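Notes to accompany the following structure.
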Amino acid sequence: MKKTFMSLQQLELGQTVQLASLPNMLFKIVALHCDGSYQITANLDVKSELSYDHVCREMLSVIDKDAVKIH
């Protein structure tokens, strides 16, 4: 039986993504680490920001950049 592997697309800085454990929030990629993981942030309000570091690619879903803009 032949196995096929799904290739995950590489993400870019500034790209909008969803985190699998928080699907109702939109995050922005702010850093790419040498181990292939990402740092992501989301603005909660004007003064607060939620940040996760060393998030693996498999935990992130790509959001169409034309559908939503994060400031």
Side-chain angles (χ1 to χ4, degrees):
M1 177 183 287
K2 183 178 180 180
K3 292 184 180 181
T4 55
F5 295 95
M6 190 170 103
S7 172
L8 294 174
Q9 88 183 63
Q10 183 72 15
L11 302 177
E12 300 175 3
L13 291 177
Q15 195 166 6
T16 303
V17 294
Q18 283 180 318
L19 183 60
S21 59
L22 294 170
N24 295 329
M25 293 188 72
L26 297 179
F27 291 85
K28 183 177 177 180
I29 297 176
V30 295
L32 171 60
H33 300 292
C34 59
D35 65 358
S37 65
Y38 298 89
Q39 180 179 352
I40 58 174
T41 61
N43 292 327
L44 300 177
D45 59 36
V46 176
K47 296 182 181 180
S48 300
E49 182 177 83
L50 178 61
S51 180
Y52 288 101
D53 205 1
H54 293 282
V55 179
C56 68
R57 171 62 183 93
E58 293 81 7
M59 293 295 294
L60 302 173
S61 298
V62 178
I63 302 299
D64 182 8
K65 66 181 178 182
D66 295 327
V68 176
K69 291 186 180 181
I70 295 179
H71 299 284

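Here the structure is a predicted model, which is why all the values come from computation and not from measurement.
- Contact of the M25 side chain with the L50 side chain is registered, since non-hydrogen atoms from C-beta on lie closer than 4.5 Å.
- Residues meeting the side-chain hydrogen bond (donor to acceptor under 3.5 Å, both in side chains) test with N24, sequence neighbours left out: none.
- The two residues P23 and S21 make their nearest non-hydrogen contact at CD-C, 3.5 Å.
- In this structure the side chain of V62 never reaches within 4.5 angstrom of the side chain of Q18, judged on heavy atoms.
- Take Q39 and apply the side-chain hydrogen bond (donor to acceptor under 3.5 Å, both in side chains) test, not counting sequence neighbours, and it matches S51.
- Here I63 contributes atom CD1 and Q15 contributes atom CD; the two are 9.5 Å apart, rounded to the nearest 0.5 Å.
- Inter-residue side-chain proximity for L13 and V30 is flagged as unmet; no heavy-atom pair is nearer than 4.5 Å.
- For the pair N43/E49, a side-chain contact is recorded, criterion being any heavy-atom separation below 4.5 Å from C-beta on.
- Looking at K28 and I40, their side chains never come closer than 4.5 Å, going by heavy atoms from C-beta outward.
- You'll find the side chain of L19 reaches within 4.5 Å of the side chain of Y52, heavy atoms only.
- We find the OG1-CG distance between T41 and D53 to be 11.0 Å, quoted to the nearest 0.5 Å.
- Of all heavy-atom pairs spanning D35 and S37, the tightest one is OD1-OG, 2.6 Å.
- Under the 4.5 Å side-chain criterion, counting only non-hydrogen atoms from C-beta, Y38 is in contact with L11.
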